[in-house]
Amino acid sequence: MSEVNVSVQSIRHRLQEVYPRREADNLARIVCTEVLGQREVAYYLGKDIALSGNKMQELDDILRRLCNYEPIQYVQGQARFLGRDLKVTPGVLIPRPETEELVEYMRSEVPSGVRVLDVGTGSGCIAISLALEVQGAEVSAWDVSEVALDVARTNARKYGVQVNFEQRDVFQTVPHEGEAYDIIVSNPPYVTESERASMHPNVLNWEPRSALFVPDEDPLRFYRCIARLGTRMLASGGRLYFEINQTQGVPLAHMLREEGYADIRVWQDIAHQDRFATAVLTKKRIYHD
Ligand code: GLN
């Protein structure tokens, strides 16, 4: 079968029509080395790539998708999270480096054998990492989206880990009799509608809105709901861990105190933005709403 030589430069140029130079070069490197299998050395030497007709077609398709601002992770069907390749589709948020930071922090302080619940699991990145890395952890994970749960289950299977996935909507759910956790973790939607304006089309056109946005007038709606559920489902001394909007550290801490939590900590991500919070439940609720 005849092969055609494609130059690295032509791939870069095509991407540079749409992306800033650095980003275009980075995408070109991923396409050449990870998708087309070119060796890194050959890529950096600017060597041509010999492609069959089919591969040529595939490359064309990939470049078209990238030029349409589809994130590379959706194009590849996977994203890296703490050294693991997780399946992602446009039905789930692409795991972010901030969330890796949250999991790293948790694994440094969460004791072994805990019962963990991950609310709004998406690709399952938090739940699966904790199940793999916290000794003896018993991990459950909820998502409102069946599409997301399918992806998360596939990821759990891939890494041979047991997570109890359940389709549940935090705003509708009533805890089961005796349902109890030591830790509830969540990276819920936290981008406000007014912050949308400054977002990149990669995110805006492709990632699930339901995983990202909250109304300006109630940016803490998921956090309040989860904190209240926590008062009924957390064991005494149980802990919440959240990824948060950088503008919401103070109001979040205030809300958590009102809901009966103590030892509230808000800390920053590597970009020096308030990004995470944790709190301990002190008052256990004994009545039902
Ligand atoms: N960090 C994500 C972003 O800025 C938002 C994640 C979320 O809403 N939970 O796109």
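Values below: every heavy atom of this structure, side chains too, minus hydrogens, waters and symmetry copies. Each ligand, and each atom within it, is numbered from 1 in the order the structure gives.
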Under 4.0 Å from a heavy atom of [X]: which atoms of ligand 1 are those, numbered in the order shown and with their elements?
X: P189; answer: 8 (O)
X: E98; answer: 1 (N)
X: P188; answer: 7 (C), 8 (O), 9 (N)
X: N187; answer: 7 (C), 9 (N)

Is there a heavy atom of G120 sitting under 4.0 angstrom from any atom of ligand 1? no
Count I, L, V, M, F, W, Y as connected when their side-chain heavy atoms are under 4.5 Å apart, and connections chain through other members. Are F276 and F81 then in the same cluster? yes
L132 and F165: same hydrophobic cluster, using ILVMFWY side-chain contacts below 4.5 Å? yes
What is the nearest protein non-hydrogen atom to [atom], stated with its residue, atom name and distance?
atom: atom 2 (C) of ligand 1; answer: R96 NE, 3.7 Å
atom: atom 1 (N) of ligand 1; answer: Y190 OH, 2.9 Å
atom: atom 4 (O) of ligand 1; answer: V191 CG2, 4.3 Å

Under 3.5 Å, side-chain donor or acceptor atoms of residues 197-204 against the rest of the protein: list the pairs with distances, not counting sequence neighbours.
unit_1, atom_1, unit_2, atom_2, d
S198, OG, E195, O, 2.9
H200, ND1, N202, N, 3.2

Sequence neighbours left out, what passes side chain to side chain donor-acceptor pair (under 3.5 Å) with T154? Give chain and number order. none
Over 12 foreign heavy atoms within 6.0 Å of CD, E109: yes
Does any N/O atom on L93 come nearer than 3.5 Å to any N/O atom on ligand 1? no
Modelled atom types, side-chain donor and acceptor of H13 and E17, under 3.5 Å: no
Looking at CE of M255 and OH of Y223, how far apart are the two atoms once the value is rounded to the nearest 0.5 Å? 9.0 Å
